[in-house]
> 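The following block contains the structure, expressed as structure tokens.
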Amino acid sequence: MDLERDDPGHRHLFHIPPAEGGDHPEVAYFAGNSLGLQPKATRVELMEDLAEWARLGVEGHLDAARPWLPYHELLTAPAARLVGALPSEVVVMDSLTVDLHLLMVSFYRPAGVRTKIVIEDAAFPSDSYAVRSQARFHGLDPDETIVRLKPREGEDTLRTEDVLGSLTDEVALLLLGGVNYLTGELLDMAAITKAGREAGAVVGWDLAHAAGNVPLKLHEWGADFAAWCSYKYLNSGPGALAGVFVHERHHADPGLPRFEGWWSTEPATRFEMTPTSRPPRSADAWQVSNPPIFAMGPVRTSLQIFDEVGIPALRARSLRLTTYLRGLLDEVVATRPLSVITPREPERHGCQLSVRLHEGNAGALTKRLRFEHGVIADARQPDVVRFAPVPLYSTYLDCRRAAEALAACVEETR
């Protein structure tokens with residue numbers, strides 16, 4: 001089988017940066033779990049929206065080719081398909097941590113003994129800051145309120161049974177990353193969501209490393225809420241708008257607290273200029289501000305690609321690429337002070353494989369990979385290098401280049 005010919009992916013849709021080192025004109029790009037590459041269609045379609053502003057001024061709200069007033073609705077259905085939700089359960093808005101705060105206004109409501117928030121000990125720092133500040137906002141001590149789940153001694157990743165074992169009657173909110181940013185571990189979201197809700201906790205998910213990476217079924221699983229960013233696997237540009245999921249069972253709850261603003265009210269009544277909001281029975285009710293059209297354009301363009309290719313096809317290719325890369329890495333780490341800490345089982349990882357250095361510095365290693373070999377990977381100090389062969393644009397040659405570069409940069413010990 002000719003892997004490159006028979007399993008080419010969709011690299012032609014993206015701009016691939018030039019290499020700054022090595023023997024190839026383009027980089028082998030493995031940092032899509034940090035910032036995805038730019039689709040070629042992004043510039044074209046963004047310029048179309050800018051041209052409508054120049055042509056129409058304020059009238060573009062209603063008369064643009066893609067009118068601005070309902071623009072965010074163009075993103076709703078494809079975003080819902082991406083995360084396995086109903087269109088009424090999804091809205092694209094703001095940034096990830098802002099969205100998590102807006103959601104916790106509604107869903108973290110400590111009362112009585114139920115005050116604890118459970119997160120991973122290896123949660124992304126922004127999530128840690130967010131939940132600690134939420135605890136303080138409610139007059140609670142973050143050090144007593146936040147429960148941080150650690151892997152067992154000598155292990156790198158969490159076990160599902162240990163997550164479930166944390167679900168005491170003191171837990172108000174379970175907020176975990178669907179795919180862990182550091183290790184690449186894919187949690188059993190279905191089982192954890194079910195157990196969390198049965199235990200009486202609210203279950204929320206940070207899908208920053210899961211959306212566009214692995215299949216999701218948020219509505220079916222019954223998660224209370226979720227949020228994700230769009231600049232990693234969704235290739236929508238640095239700081240791109242995030243997405244929000246709120247399960248439909250919460251849409252009509254009159255007692256649910258929620259911050260509101262101009263875009264929280266029914267569109268049909270928005271320009272009546274009344275002082276009282278009339279929130280729709282959908283995730284749109286969690287919007288606050290007027291959507292930034294030129295930030296939404298790249299998200300819309302990206303979601304179009306995912307709609308056309310489909311998550312099932314991307315997941316299948318992702319597993320083929322990671323299986324190939326892991327086989328190459330197994331040969332490299334066998335004789336070097338390195339180990340792959342991402343779970344081996346296909347159902348327990350996305351497209352990221354994390355390598356731990358037992359000696360040396362991750363940042364220094366990624367610089368050598370880039371400038372000596374044209375391989376861009378991602379360092380998480382002090383000792384983890386993350387390789388993400390993204391199924392939309394990574395190749396089998398990229399995987400071989402990464403393994404060979406790693407072998408060249410890390411000396412054998414035996």
Side-chain angles (χ1 to χ4, degrees), residues 4 9-40 42 124-125 181-184 208-209 212-213 229 231-240 318 321-322 324-333 335-342 350-413:
E4 300 294 12
H10 302 270
R11 189 180 182 90
H12 64 285
L13 298 177
F14 292 85
H15 292 290
I16 311 299
E20 298 174 89
D23 301 324
H24 298 266
E26 296 176 337
V27 298
Y29 193 78
F30 290 93
N33 56 344
S34 186
L35 180 67
L37 293 180
Q38 182 186 135
K40 292 178 180 177
T42 298
F124 194 76
Y181 89 98
L182 183 66
T183 67
H209 287 264
N213 180 10
C229 57
Y231 50 83
K232 302 179 188 296
Y233 296 107
L234 298 185
N235 310 306
S236 300
S318 172
L321 282 168
T322 50
Y324 180 72
L325 177 58
R326 188 185 287 271
L328 298 173
L329 292 177
D330 283 345
E331 297 179 17
V332 176
V333 305
T335 58
R336 291 171 176 79
L338 303 166
S339 57
V340 179
I341 62 174
T342 305
C351 75
Q352 171 185 317
L353 298 180
S354 296
V355 176
R356 173 160 283 145
L357 285 66
H358 302 165
E359 301 173 5
N361 176 276
L365 176 56
T366 55
K367 285 183 180 179
R368 290 192 62 192
L369 292 173
R370 175 185 173 189
F371 292 111
E372 295 177 18
H373 300 277
V375 173
I376 293 185
D378 183 77
R380 282 296 174 260
Q381 297 286 49
D383 60 356
V384 172
V385 176
R386 307 184 304 171
F387 295 90
V390 175
L392 275 171
Y393 49 73
S394 294
T395 68
Y396 292 90
L397 175 60
D398 289 342
C399 294
R400 180 161 292 281
R401 287 174 60 188
E404 291 176 350
L406 186 62
C409 289
V410 181
E411 293 185 5
E412 292 185 288
T413 55

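In what follows, residues are counted from 1 in the order of the sequence shown.
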> For A362 and R380, work out which heavy atoms get closest and say how close.
CB-O, 4.2 Å
> So, for G32 and V390, which heavy atoms are closest and what is the spacing to 0.1 Å?
CA-CG2, 4.0 Å
> Looking at every heavy atom in both T322 and L353, which two are closest together, and how far apart are they?
O-CD1, 3.7 Å
> For the residue pair L37 and P17, establish whether any side-chain heavy-atom pair is separated by less than 4.5 Å.
yes
> Is the side chain of T42 donor-acceptor paired with the backbone N or O of P39 at a distance under 3.5 Å, no angle test?
yes
> So for atom CD, which belongs to E372, do other residues, nucleotides or ligands contribute more than 12 heavy atoms lying within a distance under 6.0 Å?
yes
> I would like to know whether V375 and F30 meet side-chain contact (heavy atoms from CB on, under 4.5 Å); could you show each step before the answer?
CA-CA 7 Å; V375 173; F30 290 93; 4.1 Å; yes
> Under 3.5 Å, is there a donor-acceptor pair between the side chain of Q352 and the main chain of R386?
no
> Can you tell me if K40 has over 12 outside heavy atoms packed within less than 6.0 Å of its NZ?
yes
> Testing the basics here: between H24 and A19, what is the closest heavy-atom pair and its distance to 0.1 Å?
O-CB, 3.2 Å
> Of all heavy-atom pairs between P18 and V27, which one has the smallest distance, and what is that distance?
O-CG1, 3.3 Å
> With rounding to the nearest 0.5 angstrom, report the CG to CG distance, L338 to D330.
11.5 Å
> Could you walk me through whether C409 and R336 pass the side-chain contact (heavy atoms from CB on, under 4.5 Å) check?
CA-CA 10 Å; C409 289; R336 291 171 176 79; over 6 Å; no
> Compare all side-chain heavy atoms of L369 with those of F387 and state whether any distance is below 4.5 angstrom.
yes
> Does a side-chain heavy-atom distance below 4.5 Å link L365 with L406?
yes
> Closer than 3.5 angstrom, by distance alone: can the side chain of E4 be matched with the main-chain N or O of T395 as a donor-acceptor pair?
no
> What is the ring orientation for H209 with Y181, classed by angle as parallel under 30°, tilted 30 to 60°, or perpendicular over 60°?
tilted
> Any side-chain heavy-atom pair from L321 and C399 closer than 4.5 angstrom?
yes
> With the side chain counted from C-beta on, respond yes when I341 and S354 share a heavy-atom pair under 4.5 Å apart, and no when they do not.
yes
> Could you tell me whether the side chain of R370 reaches within less than 4.5 Å of the side chain of I376, counting heavy atoms only?
yes
> Within the structure provided, determine whether I16 and Y29 are in side-chain contact (heavy-atom separation under 4.5 Å).
no
> Flag the pair K232 and D378 as a salt bridge only when some basic side-chain nitrogen lies within less than 4.0 angstrom of an acidic carboxylate oxygen.
no
> Taking the side chain from S236 and the backbone from Y231, do they hold a donor-acceptor pair closer than 3.5 Å?
no
> Hey, mind stepping through L13 and L392 against side-chain contact (heavy atoms from CB on, under 4.5 Å) and telling me if it holds?
CA-CA 9 Å; L13 298 177; L392 275 171; 5.6 Å; no
> Is Y233 close to C351 at the side-chain level, that is, under 4.5 Å between some pair of heavy atoms?
yes
> Closest heavy-atom contact between S339 and H358?
OG-NE2, 3.0 Å
